[in-house]
Amino acid sequence: MTAPDSALISQLTPPDQGGVLSARYRALTLGIVSVVLLLAFEATAVNTAMPVAARQLHGVGLYAFAFSGYFTSTLFAMVLSGEWCDRRGPVLPLFAGIGVFAGGLVVAGTAADMWLFVSGRAIQGLGGGLVIVALYVVVGRAFPERLRPAVFAAFSAAWVLPSIVGPVVSGAVTQHLGWRWVFLAVPLLVVLPLAVMGPALRRAEREQQAPAGGALNRRRIGFAAMAALGAGLLQWAGERRDPVALLPALVGLALLVPAVLRLLPVGTLRAGRGLPTLILLRGVASGSFFAAEAFIPLMMVTQRHLSPTMAGLTLTSGGLSWSLGSWLQGRPGADRHRELLIRLGFVLTAVAIAGAALVLLPGMPTWTAAVAWAFGGIGMGLLIASISVLMMKLSPPGAAGANSASLQVSDSLGTVLLVGLAGVLFAAGGGGAVTAATAGAGVPGAAFGTIFVVMAAVAVGGAALAGRVRPRD
């Protein structure tokens with residue numbers, strides 16, 4: 001769960017006998033799910049359109065920035081949104097986030113060069129971070145406790161349809177209308193969820209206890225900004241790989257390290273037993289999986305010459321099997337085997353990343369990557385949900401909110417840092433020297449192979465640390 005939700009979910013709303021689609025909650029439920037659908041569709045569509053956008057903007061060497069820029073700004077926005085929601089309520093950050101997200105789509109869709117495109121993606125990340133936290137807070141404030149599991153289940157289900165149709169629609173739009181319309185068409189769709197849930201959201205807010213008010217925690221927001229800026233500077237320095245990059249690298253470390261130490265529990269970076277290791281493993285899992293996933297469509301387009309549609313469909317199996325893994329870990333008796341499920345999840349993720357790299361071998365069928373990614377989705381479904389369950393179990397009373405926040409921060413930081421590392425490896429392997437004229441056949445296979453080997457090794461490291469999630473007796 002995202003940063004502030006567990007603290008606000010403890011605020012019970014008046015009892016009601018209707019379900020999430022009853023007259024009282026229907027508009028709010030449909031509006032929330034519509035927003036999640038848009039975020040999910042955009043995420044899957046971008047994976048499909050990104051290889052074409054990077055090549056046409058002469059920016060294949062900056063490919064990783066288009067992903068890490070989004071996650072870096074999301075890290076800052078989630079902390080800001082949590083503070084904003086706690087003090088002022090979720091309506092303003094939710095609507096502001098949707099507006100900022102739409103603005104980022106317009107900037108990316110009209111970008112004349114790759115750096116402007118990356119800026120648009122960073123603006124999207126700001127909006128996405130504001131929105132996702134505010135949505136969880138809305139659930140905690142507007143729905144009674146008995147209905148919240150159904151709403152959160154709808155959140156997960158809302159990702160299934162975009163995983164199936166997103167690559168197909170995005171690929172068709174990219175091929176026939178151009179990649180820009182993958183970004184420019186989405187802002188037109190945000191009007192519907194705003195119109196549907198706006199009145200219901202304002203009514204729900206009037207019925208709830210007033211927010212706490214007071215000043216935002218500027219210290220925590222400042223640490224989040226330091227972490228985001230530090231991570232960005234480190235990636236930029238890594239992409240340059242020259243003496244000039246030494247100064248921004250040192251500044252990035254000076255900003256990132258103290259911020260991380262204050263945003264995460266004591267002992268996280270050294271994998272202290274119990275909760276610190278759980279927090280660390282969340283970042284390891286998300287970072288290794290998404291860093292590899294970001295480069296699969298580009299690999300399929302440049303190495304196997306697939307269409308954007310077919311390249312994007314390679315990832316569909318992972319989105320569907322993730323739901324299966326989440327369902328399996330929730331079966332009766334699973335609580336007795338959480339440590340094993342986490343270890344198994346990491347092993348499956350490592351196998352999936354290594355299996356996707358097999359496509360680089362001559363004669364290997366392209367569907368190998370889709371099959372491999374299905375195993376990765378199951379692994380992520382098993383371990384991400386199990387980490388969340390154990391985190392709540394190990395959190396003492398009154399600390400669940402802070403630990404939930406730390407879990408989300410670790411998720412974002414791990415993704416930012418490992419996607420950034422993947423970009424550095426891609427550039428070092430020759431990907432950074434590719435031009436628009438040579439991108440169709442000139443990206444060296446080693447630029448991809450190194451990424452998959454390193455990320456598979458990171459996942460194996462996560463499996464090795466899984467035994468430390470059990471606290472000392």
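We number each residue from 1, following the sequence as shown. Side chains are part of it too, since the values below use all heavy atoms of this structure and drop only hydrogens, waters and symmetry mates.
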TODO: Assess whether ring-ring contact (aromatic ring centres under 6.0 Å, His included) is satisfied between Tyr63 and Phe295, documenting all intermediate values.
DONE: CA-CA 9 Å; Tyr63 185 82; Phe295 282 86; 5.2 Å; yes
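- In terms of modelled atom types and a separation under 3.5 Å, the side chain of Arg338 and the main chain of Gln329 share a donor-acceptor contact.
- Ser321 contributes no side-chain N or O that, together with a main-chain N or O of Phe375, makes up a donor-acceptor pair within less than 3.5 Å.
- In this structure, Leu269 CG and Ile279 CD1 are separated by 11.5 Å, a value rounded to the nearest 0.5 Å.
- Residue Met114 places its CE atom among more than 12 non-hydrogen atoms of other residues, nucleotides or ligands, all under 6.0 Å distant.
- Between atom CG of residue Leu234 and atom CG of residue Leu417 there is a gap of 7.5 Å, rounded to the nearest 0.5 Å.
- Here CZ of Phe41 is found 10.5 Å from CG of Leu37. Values are rounded to the nearest 0.5 Å.
- Of the possible polar contacts, none joining the Arg343 side chain to the Ala466 backbone as a donor-acceptor pair under 3.5 Å is found.
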- [ ] Test side-chain contact (heavy atoms from CB on, under 4.5 Å) on Met299 and Ile451 and set out the steps.
- [x] CA-CA 11 Å; Met299 177 182 70; Ile451 292 172; over 6 Å; no
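- Of all the heavy atoms in Ser288 and Thr349, the pair that sits closest is OG-CG2, 4.4 Å.
- No side-chain donor-acceptor contact under 3.5 Å links Ser317 to the backbone of Val371.
- Atom CH2 of Trp367 sits in a sparse spot, with 12 or fewer heavy atoms from other residues, nucleotides or ligands closer than 6.0 Å.
- Not one N or O on the side chain of Thr174 forms a donor-acceptor pair closer than 3.5 Å with the backbone of Trp179.
- Side-chain atoms of Leu344 and His337, non-hydrogen and from C-beta on, never get closer than 4.5 Å to each other.
- The nearest pair of heavy atoms linking Ile384 to Ser286 is CD1-OG, 4.0 Å.
- Of all the heavy atoms in Ala108 and Phe183, the pair that sits closest is CB-CD2, 3.9 Å.
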- [ ] Begin with the C-alpha distance, continue with both residues' side-chain angles, and end with the deciding distance and a verdict on side-chain contact (heavy atoms from CB on, under 4.5 Å) for Val60 and Thr302.
- [x] CA-CA 11 Å; Val60 174; Thr302 61; over 6 Å; no
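- Within the 4.5 Å cutoff, side-chain heavy atoms of Phe65 are placed close to those of Trp115.
- Between Leu413 and Ala227, the shortest heavy-atom contact is CD2-CB, 4.2 Å.
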TODO: For the pair Met50 and Leu298, evaluate side-chain contact (heavy atoms from CB on, under 4.5 Å) and give the outcome as yes or no after the intermediate values.
DONE: CA-CA 8 Å; Met50 193 70 76; Leu298 184 63; over 6 Å; no
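- Listed by chain and number, the residues in a salt bridge (charged side-chain N to carboxylate O under 4.0 Å, His left out) with Arg180 amount to none (sequence neighbours excluded).
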Open item on the list: Applying side-chain contact (heavy atoms from CB on, under 4.5 Å) to Leu92 and Trp84, what does each step give before you reach the verdict?
Closed with: CA-CA 8 Å; Leu92 283 178; Trp84 196 353; 3.8 Å; yes
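- A perpendicular orientation is assigned to the rings of Tyr70 and Phe101, their planes being inclined by more than 60° (bins at 30° and 60°).
- Interatomic distance, Arg336 CZ to Leu341 CG, rounded to the nearest 0.5 Å: 11.0 Å.
- Listed for the Ser412 side chain is no donor-acceptor partner under 3.5 Å among the backbone atoms of Leu75.
- What you find for Thr72 and Ala228 is that their closest heavy atoms are CG2-O, 3.1 Å.
- Scanning both residues, Pro167 and Thr48, for their nearest heavy atoms gives CA-OG1, 3.4 Å.
- Residues Met78 and Thr74 have side chains in contact (heavy-atom distance under 4.5 Å, counting atoms from C-beta outward).
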